[in-house]
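What follows is a set of notes on a single structure, which appears directly below.
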Amino acid sequence: MRLIISEKANTAKKVAQFLAEGTVKEGKHRSVPHHTFDWNGEETVSVGLKGHVLNPEYPEEYSNWQKVEPSSLIDAEILKPVSEKGVAQAVQSLSKKADKVVIATDFDREGELIGVEALSLVFEANPKLMDHVERARFSALTKAEIQGAFENLVEVSKELADAGEARQDIDLIWGATLTRWVSRATKRYGSAFLSVGRVQSPTLALIAERERERRAFIAEPYWELEATLRNGEPFPVRHATGRFKEEPAVRQAFENLTDTAKVMEVKEKASTRPPPAPFNTTAFLTAAANIGISPSRAARLAEDLYTDGYVSYPRTDNTVYPQSLDMREILGYLKGVEGVGQYAEKLLKGGELKPTRGKKQTTDHPPIYPTGRASKKALRDDQWKIYQLIVRRFLATLSGPSKSLRTTLRFDSGGEILTTRGTVVTEEGWLEIYRYGRRPDEELPSLKEGEELKLIGAEIFAKETQPPGRYGQGRLINVMEDLGLGTKATRPNIIQNLYDRGYVHDDPVVPTEKGMGVAKALTDFASEIASHEMTAELERSMDAISEGRISKDSVVDESRDVLRRVYEHLQSSETEFADIVWEGIRTDETLGKCPESGHDLIIRRNRKSRKRFVGCSGYPDCRVTYPLPQRGEIIPLGTTCDACGSPEIKVLGGKRPWITCINMDCPKKQEQREQKEQREAAEKEKVAQAEAAQVETAQQGEGSEAASRESVQEPVKSTT
DNA sequence: GCAAGGTC
């Protein structure tokens, strides 16, 4: 029997379908499916892994963070225990019956390593297979590609797998050593540990750097002059200078305005916006972020839609549809999708279909496109949103350009130039179906040069220049990609980790003071791990390994040497390092001033129960305390409640962040409690009425659609 | 209780 091992369940299934000469028999080992069929007259079994099946780990004797010197992890042995027990069992049980094995994992570095991991399981179960290994290399899940790959089997590339293993080892060695060192230096043990890593730390440094720029930013005042003209409907215009740097200049311009304005110029410019490129992972995550769905959630939702057969594989760099994709077939089933059916039909009737092409073309997977028809009822709200996004993007890539007309008007009033602009879409094209972030038309009155209008008002606005904006999660994904940080599959997780570790909060991403401190301390004392250059360097080394120019061991050993130097420098700066981080943590925990003694109010924990509360730093002289919610991160806002004067905090976690003052006896809270009770009473009443109505309609023997459509809202529970 | 990389 020949055993074919792929990277994931879906691929294993497709491989079987494309190679089978007759029927495919489905089997299962526990919950791991496999597919049996005949190929070249030989019984063949295809099985899928779940990505990596081994996970590198240090031996047991290194597990105590307090007792083990972190530097001993630099040279410690690295074990590769099985992380996917079920899959490993299935592979080993099948291996025993096999006389040949074909590795058919993804055609990339990690895929090669995953294949080698699988082989270690295979040989353990059946050593006779050692000399009977072949590798199928295909870069698209199509019949032609797969058949071609299996007709031209090659060897597993030890070099490519070694490159992947070097990456793995270096990540664990640096990550574990520095995470433990930093946690120990700052005495953050247990769940309070502070993590450090090749990808997360440069990402955090990026966010912190932007925050520092914002803080260093000195706002400069400027003035704008706006006037209102009338020709039928009044409309606003701006002084052509835009930003006045000096106040007297704007005053002078204001004084010069008369009560009329003459049209000096009417300029019209037609412009064309081509439809967008097909979705790769980054573009998809960015678009999802723009409609308020975080990358990690969007990735999760797309994954669900993929496993249910609604969309294609969601992790791809490709932005060019393969020739083999049958657009008409896809449009055929999109005809039945709510909200887009008519549009799909229109495209089908419209003749030749020419999809757009993006800049990046790879062959591993197609761009993300809909693979099945979903209905709103069958999906959760957020899944439906993501499905619609992918469907609409797909339709947009098959649509015509949108055309618009931009009108610029210039006026003269008392020698001052006033101007305004308006844009009107003249031909919707792809915008009709892909309406995300679309701005409404700004229509201007149609005017002729020389025409005179009434100037009915003018106003000076004093403004300030703004600091550079914070990164949104979508933007961050793009910046990471540009810097080579992480992969399409890991970037959402990396960002999510920064949230979970309490390094950042909110979106746009705001670093906590702890996050600022860790970023600064790492940049100051271990700059290697805080810079994206480490990844760039690692990429170069991995290329060298995979091309056989250098050995895996020499790359990892050299990296160990660098880490030893970094470690020594850290050791000699331990107190400075810890002070920087502690300062940040202390700031995060200082909520405001004590109303009785004027000392700082800080987050503390009860020694016995470990429950947190707010205490006065003047303790034991001042015994003021406040309760705190026990769950979710607490972010001090630096503001005080307008009703009771106590500090306000933001509580993260739960469905959405909420802002509250820490005083439970605040009159506002009392008011809110009463309002809530009233709301709940009203809700109960409504439910009772709906139920009564339902009973009534049921009694009348009619459909109860109206009553059942009424959803019963759960009363919101307070966490305090 | 460490990282980052796959995939569910």
Side-chain angles (χ1 to χ4, degrees), chain A residues 6-12 31-33 48-60 62-68 70-74 76 78-80 83-84 86-87 105-118 161 163-184 188-204 281 299-308 313-316 364-365 480 484-498 500-501 529 534-535 538-539 542 559 563:
Chain A
S6 308
E7 191 158 322
K8 42 189 168 284
N10 219 313
T11 310
S31 66
V32 181
L49 306 170
K50 282 182 180 171
H52 284 287
V53 287
L54 308 181
N55 191 38
E57 209 178 274
Y58 284 112
E60 178 69 37
Y62 292 92
S63 58
N64 191 320
W65 288 38
Q66 264 108 319
K67 290 189 183 140
V68 175
S71 63
S72 64
L73 298 176
I74 300 176
I78 294 175
L79 310 175
K80 313 256 158 136
S83 55
E84 293 291 338
V87 179
T105 47
D106 289 1
F107 179 20
D108 54 31
R109 196 165 54 216
E110 294 294 330
E112 206 73 12
L113 175 55
I114 290 167
V116 168
E117 289 171 11
E165 211 179 357
R167 197 268 318 141
Q168 243 185 8
D169 290 359
I170 288 171
D171 279 340
L172 179 63
I173 295 169
W174 280 74
T177 305
L178 294 181
T179 293
R180 287 201 198 176
W181 186 89
V182 170
S183 299
R184 187 185 69 174
R188 311 300 287 176
Y189 291 118
S191 61
F193 77 94
L194 298 176
S195 65
V196 179
R198 172 179 57 86
V199 178
Q200 62 165 287
S201 297
T203 306
L204 177 61
T281 303
R300 178 77 249 164
L301 292 167
E303 178 72 35
D304 292 344
L305 292 171
Y306 160 69
T307 26
D308 288 344
Y313 189 65
R315 288 179 284 277
T316 173
D364 50 355
H365 299 281
M480 289 174 75
L485 290 172
T487 71
K488 54 194 179 293
T490 59
R491 280 175 210 126
N493 300 335
I494 300 275
I495 295 177
Q496 192 54 46
N497 267 341
L498 295 179
D500 295 345
R501 297 278 144 81
I529 198 69
M534 177 168 171
T535 293
L538 180 61
E539 287 289 342
M542 284 193 294
S559 183
L563 178 55

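Only heavy atoms go into these numbers, but all of them, side chains included; no hydrogens, no water, no symmetry mates. Per chain, numbering begins at 1; letters A, B, ... match sequence-line order. From a predicted model like this one, the values you see are computed outputs, not experimental measurements.
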Backbone N/O of A:T316 and side chain of A:T281: donor-acceptor pair under 3.5 Å: yes

Within the pair A:R188 and B:dG1, is there a side-chain N or O less than 4.0 Å away from OP1 or OP2? no

Could you tell me whether A:R180 contacts a base, only the sugar-phosphate backbone, or nothing, with contacts defined as non-hydrogen atoms closer than 4.0 Å? base

When the distance from CG of A:N493 to C1' of B:dT7 is rounded to whole Å, what number comes out? 11 Å

When all nucleic acid strands are considered with a 4.0 Å heavy-atom cut-off, which category describes A:R109: base, sugar-phosphate, or nothing? nothing

A:N55, nearest nucleotide to its side chain (from B:dC2, B:dA3, B:dC8): B:dA3

Take the protein atom CG of A:L113 and the nucleotide atom P of B:dG6, then report the distance between them rounded to whole Å. 10 Å

Would you mind telling me which of B:dA3, B:dA4, B:dC8 lies closest to the side-chain atoms of A:E303? B:dC8

Looking at A:V53, is its backbone amide N or carbonyl O close enough to the side chain of A:S83 to form a donor-acceptor pair, meaning the two atoms are under 3.5 Å apart? yes

Given DNA chain B, 5'-ward residue of the pair A:D304 and A:G190, judged by closest heavy atom: A:G190

Within the distance-only criterion (no hydrogens, no angle test), does the side chain of A:S183 pair as donor or acceptor with the backbone N or O of A:T179 below 3.5 angstrom? yes

Selection from B:dA4, B:dG6, B:dC2 that lies nearest to any side-chain heavy atom of A:A489: B:dG6

With the six-membered base ring of B:dG1 as reference, does the ring of A:W65 sit under 5.5 Å away with planes under 30° apart? yes

Round to a whole Å and report the spacing from CH2 of A:W174 to C1' of B:dA3. 13 Å

Does A:T179 place a side-chain N or O at less than 4.0 Å from the phosphate oxygens OP1/OP2 of B:dG1? no

Between P of B:dG5 and CD1 of A:I495, the distance in whole Å: 12 Å

Less than 4.0 angstrom between a side-chain N/O of A:T490 and OP1 or OP2 of B:dG5, yes or no? yes

Expected output: side-chain A:T490 to main-chain A:G486 donor-acceptor under 3.5 Å: no

Exam field: side chain A:S72 to backbone A:V68, donor-acceptor pair closer than 3.5 Å: no

Specify the separation, in whole Å, of atom NZ of A:K50 and atom C1' of B:dC8. 6 Å

Pick base, sugar-phosphate or nothing for A:G486, based on heavy-atom distances below 4.0 Å to the nucleic acid. sugar-phosphate

Between P of B:dC8 and NE2 of A:H52, the distance in whole Å: 13 Å

Does a nitrogen or oxygen in the side chain of A:T487 sit under 4.0 Å from OP1 or OP2 of B:dG6? yes

Is any side-chain heavy atom of A:L172 closer than 4.5 Å to a side-chain heavy atom of A:Y58? yes

Between B:dA3 (P) and A:Q496 (CD): distance, integer Å: 14 Å

Look at all strands and tell whether A:Q200 reaches a base, only sugar-phosphate, or nothing, counting heavy atoms closer than 4.0 Å. sugar-phosphate

Which nucleotide in the set B:dG6, B:dG5, B:dC8 lies at the smallest distance from any side-chain heavy atom of A:V199? B:dG5

With a cut-off of less than 4.0 Å, is there a side-chain N or O of A:R184 near OP1 or OP2 of B:dG1? no

Taking the side chain of A:A176 as heavy atoms from C-beta outward, which of B:dC2, B:dC8, B:dG5 is closest to it? B:dC2

Between A:R315 and B:dT7, is there a contact of a side-chain N or O with OP1 or OP2 at under 4.0 Å? yes

Which is true for A:Y313 with a 4.0 Å heavy-atom rule: it touches a base, it touches only sugar-phosphate, or it touches nothing? sugar-phosphate

Would you indicate what A:P70 reaches in the nucleic acid, counting non-hydrogen atoms under 4.0 angstrom: base, sugar-phosphate, or nothing? nothing

The nucleotide from B:dT7, B:dA4, B:dC2 with an atom nearest the side chain of A:D106 is B:dT7

Most 5' of A:Y306 and A:D169 on DNA chain B, judged by nearest nucleotide: A:D169

Hey, does A:V196 reach any base, or is it just sugar-phosphate, or nothing, if we go heavy atoms under 4.0 Å? sugar-phosphate

Okay, side chain of A:R167, backbone of A:M542: is any donor-acceptor separation there less than 3.5 Å? no

Considering every strand and a 4.0 Å limit on heavy-atom distances, what is the contact class for A:A192: base, sugar-phosphate, or nothing? nothing

Closest to the A:Y58 side chain, choosing from B:dG1, B:dG5, B:dC2: B:dC2

Touch check for A:T177, heavy atoms < 4.0 angstrom, all strands: base, sugar-phosphate only, or nothing? nothing

Roughly how many Å is it from CD in A:E117 to C1' in B:dG5, rounded to a whole number? 10 Å

